[in-house]
Amino acid sequence: MTDPNKNSEKAAESSASTNFIRYIIDADLKAGKNDGRVHTRFPPEPNGYLHIGHAKSICLNFGLARDYNGLCNLRFDDTDPSKESIEYVDSIKADVRWLGFDWQDREYYASDYFEQLFEYAVQLIKAGKAYVDSLSADEIREYRGTLTTPGKNSPYRERSIEENLDLFERMRAGEFKDGEHVLRAKIDMASPNIIMRDPTLYRIKHVAHYRTGKMWCIYPMYDFTHCLSDSIEGITHSNCTLEFEPNRELYDWVLDNLDVFHPQQIEFARLNLSFTVLSKRKLIRLVEEGHVESWDDPRMPTISGLRRRGYTPASIRNFCDRIGVAKADSMVDMALLEYCVREDLNKTAPRFMGVLRPLKVVIDNYPADREEELEAINNPEDPSAGTRMVPFSRELYIERDDFMEDPPKKFFRLAPGREVRLRYAYFITCVDVVKDPASGEITELHCTYDPATRGGDAPDGRRVKGTLHWVSAKHAVNARVRLYNALFTKENPNEVEEGKDFTAYLNPDSVEVLNNCKLEPALAALAPGGNCQFERLGYFCMDAKKASPESPLFSRTVTLRDTWAKILKAQKKNNR
Ligand code: ATP
Ligand code: MG
C-alpha cells in the first residue's frame with residue numbers, strides 16, 4: 001500500500017503571520033507580565049464535532065504556544081450535561097491530533113473543577129457578592145430590563161449571607177426542583193451591560209453528567225466557569241471569539257472579586273465561510289434531520305468531514321494562516337480553502353488516470369491479443385515520485401464528454417476524422433461512431449492508432465490539439481465516485497428571509513454519485529483515505545469509511561480549476 005499523505009504529514013511548524021494578539025503578547029512579555037509565560041488553551045464544549053472555525057481557534061492557540069515557547073491546554077468546557085457526550089470528546093481529541101497539535105498531558109475538564117468552583121461560589125456569597133434568587137426564569141427575564149430600560153432588584157436580593165449559604169448548600173444537596181432557585185452574582189441591575197445585571201452563576205439541573213454522573217444537580221454557568229478554569233490552569237491569554245466581548249466585563253468581575261490569578265481575555269473575529277454554516281447548533285440539525293449522512297459527511301465543514309473529503313492537515317493549517325486573525329468579522333470565500341488544498345495536493349498527490357463517464361473506444365488496427373505497458377509520470381511536481389506502468393490494449397474507455405460528433409469550433413478533443421493524443425500512449429484517429437439504433441445514444445467509437453507515436457509524440461513532428469486520459473477496458477478497476485458541490489446555494493445561509501429556515505438554502509445537487517467509473521489498476525493499491533489526482537478531473541480521496549477492495553469509492557476533494565486565482569485577479573483589476 002502506498003501512503004500518498006506522508007509528505008504533508010510534517011508537524012505543524014509553519015511560521016504564522018503576525019496579528020494583533022501577537023502584538024499584545026509581545027507587549028506583555030516586554031513588560032514582564034506573567035513572568036514571561038505564554039499559556040493558552042483551546043476550550044471546546046463537547047456538544048458536537050469540531051468544524052473549520054474551530055480549526056482557526058486551534059491553530060491560533062496552539063500556534064501562539066509553539067511560537068512563544070509556551071503551552072496550550074486542551075480543555076473541555078463541559079458544564080451543560082444535557083448536550084455533552086464522550087463521543088464528542090473523543091472526536092475532538094482525534095481532530096486536534098490530526099491537525100498536528102499536541103496538548104501533551106494537559107487534558108483538562110471544567111467538570112474536574114466543580115468542587116473548586118463551588119468553593120469559589122461560597123466565597124462570593126460570604127463576601128456578600130452572590131445570592132440565591134427564587135424568582136422564576138420568566139420573572140428573572142422580566143426583572144432584567146432591556147437595552148433601554150434598567151432592570152430592577154429581585155425581592156430576594158437582600159437575603160442574609162447565612163440564608164444564602166444554607167439555600168446554596170441545599171440546592172447542591174438536591175432539595176429543590178429544576179428552576180426553583182438560582183445563584184446570582186450581586187453586581188448592578190442598572191448596568192448598561194445587560195450581562196452585568198446580576199448574572200446567574202449556578203442553576204439546578206437534575207441531569208446526569210457524562211463524567212461526574214449523578215454527583216451534581218447544580219451546574220455552574222459558562223461565564224462563571226470559563227474565567228475560573230482559565231485562572232486555575234494559569235492561562236495567560238484567553239482568546240475567544242468576538243461575541244464574548246460583552247462577557248469580558250463579567251470575566252474580569254469574577255476574577256477581581258476572588259483572590260485568584262487573573263488571565264486576560266482577548267476577542268478575535270470568528271471564521272465565517274461562504275456557502276456553508278459554522279455553528280454546531282446548525283450542524284447538529286443537518287445530521288439529525290438527515291440532510292447529510294453524518295458528522296463526517298464529506299460535504300460538512302467539520303474537520304472530520306474535510307478529512308474524509310481528502311483535505312490534508314497541512315492544507316487546513318495553511319488556510320488558517322492565510323485568513324489571519326483580526327478584530328472584525330468577515331466572510332471568507334470557500335474558494336480560498338479549496339485553493340489551499342489544491343496547492344498542497346499538487347505537491348504531494350500521485351497522478352492516475354480514471355474515467356468517470358466511460359465511452360468505449362475500439363482501436364481497430366491494434367491486435368486483439370496484444371497488450372503492453374506504457375510509462376506514466378507519477379507527479380510532475382515531484383520527480384522523486386518516479387513513474388509507473390499503465391496497461392494498454394485494443395479496447396479502452398475515454399470520457400464521454402471528450403467526444404463530440406458535431407463539435408463546435410473551440411472543441412479540440414475527439415471528433416469523427418480527428419486525431420488526438422492518448423496521454424502517455426498513442427495518437428488515435430476516430431473512424432466510426434456506433435449508436436444504439438433505438439435511443440441514438442453513442443455506444444462505441446472505432447479508432448485507428450499510429451504505432452509510430454508510442455509514448456505520445458509523433459516522430460514526424462505533427463501536432464494534435466487534444467490530449468485525453470483513458471483506461472484499458474480489460475484492466476480497468478470498477479469504482480464509484482462522488483462529486484460534490486456546495487452544501488448551500490446561498491453565500492450566507494445564516495441570513496434567512498422572513499419565515500424561512502437556513503435549511504431552505506440547502507443545495508439539492510450537493511452530491512452526484514457515479515457508479516460506473518473505470519480506473520487504472522494502480523489505483524487499487526491506494527490506501528483508504530489516500531489522496532490522488534485523476535488527471536484532468538481533480539483531486540480525489542479513497543473513502544476511508546465506505547470503500548472496500550471489491551467496491552472502491554472515491555470522493556472528489558476539489559476540481560483542478562483555480563477559482564481563487566480568478567477572484568484575486570478580478571479584485572486586482574477592481575482596485576486599479
Ligand atoms: P458553535 O457556535 O459552532 O457552537 P462554540 O463557540 O459554541 O461554536 P465551542 O466548543 O465553545 O463552540 O468553541 C471552542 C472554541 O472555538 C471557542 O474558543 C470558540 O470561540 C472557538 N470557535 C468556535 N467557532 C469558531 C469560529 N467560527 N471561528 C473561530 N473560532 C471559533
Ligand atoms: Mg461555546
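Numbers here simply count residues along the sequence, with the first being 1. One-based numbering, in listed order, for ligands and for the atoms of each. Both backbone and side-chain heavy atoms feed into the values below; hydrogens, waters and symmetry mates do not. Computed from a prediction, not measured in an experiment: that's the story for all the values here.
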For ligand 1, find out whether one of its N or O atoms is nearer than 3.5 Å to an N or O atom of [X].
| X | answer |
| --- | --- |
| His51 | yes |
| Lys56 | no |
| Glu45 | yes |
| Phe268 | no |
| Lys280 | yes |
| Arg281 | no |

Using only atom types and a distance under 3.5 Å, with no angle test, would you say the side chain of [X] pairs donor to acceptor with the backbone of [Y]?
| X | Y | result |
| --- | --- | --- |
| Arg308 | Asp296 | yes |
| Asp133 | Val182 | no |
| Asn239 | Glu267 | no |

At less than 4.0 angstrom from any non-hydrogen atom of [X], what atoms of ligand 1 do you find?
| X | result |
| --- | --- |
| Pro44 | 10 (O), 14 (C) |
| Thr241 | 19 (C), 20 (O), 29 (C), 30 (N), 31 (C) |
| Pro43 | 14 (C), 18 (O) |

Original post:
Taking the six-membered ring of Phe261 as reference, does the NZ or CZ atom of Arg37 fall below 6.0 Å from its centre and within a 45° cone about the axis?
Top reply: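 The answer is yes; both the distance and angle limits are met.
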
**OP:** Give a yes/no verdict on a cation-pi contact between Lys490 and Tyr505, requiring under 6.0 Å between NZ or CZ and the six-membered ring centre and an angle within 45° of the axis.
**Re:**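 Flagged: Lys490 positioned over aromatic ring of Tyr505.
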
Original post:
Nearest non-hydrogen atom to atom 31 (C) of ligand 1 belongs to which of Cys59, Pro46, Gly53, Gly48?
Top reply: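 The residue whose heavy atom sits nearest atom 31 (C) of ligand 1 is Gly53.
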
**OP:** Report the member of Ile284, Val277, Leu271 with the shortest heavy-atom distance to atom 28 (N) of ligand 1.
**Re:**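 Among Ile284, Val277, Leu271, the closest heavy atom to atom 28 (N) of ligand 1 belongs to Leu271.
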
Subject >> Charged N-O contact under 4.0 Å between Glu107 and Lys93 >> reply: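 A salt bridge links Glu107 with Lys93.
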
Original post:
Hey, are Asp543 and Arg482 close enough for a salt bridge, meaning a charged N less than 4.0 Å from a carboxylate O?
Top reply: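 A salt bridge is absent here (no side-chain N lies under 4.0 Å from a carboxylate O).
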
**OP:** Could you go through the side chain to side chain donor-acceptor pair (under 3.5 Å) check for Tyr251 and Asp230 one step at a time?
**Re:** CA-CA 10 Å; Tyr251 186 102; Asp230 283 344; 2.7 Å; yes

